[in-house]
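Report on the structure given below.
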Amino acid sequence: DQQVKQNSPSLSVQEGRISILNCDYTNSMFDYFLWYKKYPAEGPTFLISISSIKDKNEDGRFTVFLNKSAKHLSLHIVPSQPGDSAVYFCAASGGTSGTYKYIFGTGTRLKVLA
Amino acid sequence: GAGVSQSPSNKVTEKGKDVELRCDPISGHTALYWYRQSLGQGLEFLIYFQGNSAPDKSGLPSDRFSAERTGGSVSTLTIQRTQQEDSAVYLCASSNPSQGYEQYFGPGTRLTVT
């Protein structure tokens with residue numbers, strides 16, 4: 001039972017264009033969502049988060065949108081840069097999983113083409 | 001400051017042997033997590049320690065897996081009688097819940113069971 005799903009295993013985008021990474025969840029009790037970026041042979045690094053009381057959070061080139069009714073969140077990167085090429089994971093917490101227990105998606109590999 | 005460190009970075013072991021993986025969290029972080037990432041999969045939650053509370057072991061896949069955290073700092077994940085399906089990258093993360101939800105990950109230990 002996969003509670004957090006990233007249905008696109010990979011995505012290729014031209015440099016300068018927008019990258020949109022999607023994440024769907026099934027547990028309506030989730031109330032906090034995070035995005036992590038992972039380079040090969042390194043641990044994931046935190047990118048941006050959003051609480052369920054918001055529908056948008058921005059940090060520089062990164063914006064996360066949350067649609068609670070659709071149980072869907074997305075990460076927008078604009079403009080995309082070659083250094084953004086990595087695997088992106090979304091994670092969710094809250095509800096019966098507990099505040100500090102995170103459920104991760106399977107990741108989307110982003111490739112930004114120069 | 002120093003991040004989360006893990007040792008060894010790589011471990012090759014024969015099926016049936018026991019292995020110990022070590023995690024040094026960020027100083028002052030009261031929460032510590034172990035995850036496993038198998039090839040092509042997302043991050044699978046294994047265990048969570050928070051301060052002096054009883055750990056959440058709900059993600060440990062079998063009784064061959066155990067973990068301890070001594071003195072609220074260093075943690076060791078032990079896998080007894082390793083099997084080939086235990087081959088994965090084992091990631092440790094720490095966080096300070098009073099300062100936010102973000103987890104800080106170590107680089108991982110790549111375990112290969114032959």
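The shown structure was predicted, so the numbers you read here are calculated from the model rather than taken from an experiment. Naming: A, B, ... by sequence-line order, numbering from 1 per chain.
Counting heavy atoms from C-beta outward, Q103(B) and Y102(A) have side chains that approach closer than 4.5 Å. Proximity of S58(B) to K101(A): side-chain heavy atoms (C-beta onward) are separated by under 4.5 Å at one or more points. No side-chain heavy atom of F104(A) sits less than 4.5 Å from a side-chain heavy atom of Q41(B). Side-chain contact between T45(A) and F105(B) is absent, with no heavy-atom pair separated by less than 4.5 Å.
Identified by a heavy-atom distance below 4.5 Å to chain A, the contributing residues of residues 106-114 of chain B are G106(B), P107(B), in residue-number order.
Counting non-hydrogen atoms of other residues, nucleotides and ligands closer than 6.0 Å to CD of E14(B) gives a total of 12 or fewer. Counting non-hydrogen atoms of other residues, nucleotides and ligands closer than 6.0 Å to CZ of R17(A) gives a total of 12 or fewer. Summarising the local packing, NZ of K68(A) is surrounded by more than 12 heavy atoms from other residues, nucleotides or ligands at distances under 6.0 Å.
Contact record, P44(A) with L43(B): CG-CD2, 4.1 Å, taken as the closest heavy-atom pair.
Residue I20(A) is not grouped with residue L75(A) when hydrophobic side chains (ILVMFWY) are merged at heavy-atom distances under 4.5 angstrom, including chains of intermediate members. No continuous path of ILVMFWY side-chain contacts below 4.5 Å connects F65(B) to Y35(B), so the two sit in separate hydrophobic clusters. Residues W35(A) and F62(A) fall within the same hydrophobic cluster, defined by Ile, Leu, Val, Met, Phe, Trp and Tyr side chains chained together at heavy-atom separations under 4.5 Å. Connection of V87(A) to F46(A) is established within a shared hydrophobic cluster, with ILVMFWY side chains joined at heavy-atom distances below 4.5 Å, either directly or through further cluster members. Follow the hydrophobic side-chain contacts under 4.5 Å out from L32(B) and you never reach I103(A); the two are in separate clusters.
For chain A, no part of Y104(B) is nearby; none of its heavy atoms comes within less than 4.5 Å.
Within the model, atoms OG1 of T106(A) and CD of Q37(B) stand 10.0 Å from one another, a figure rounded to the nearest 0.5 Å.
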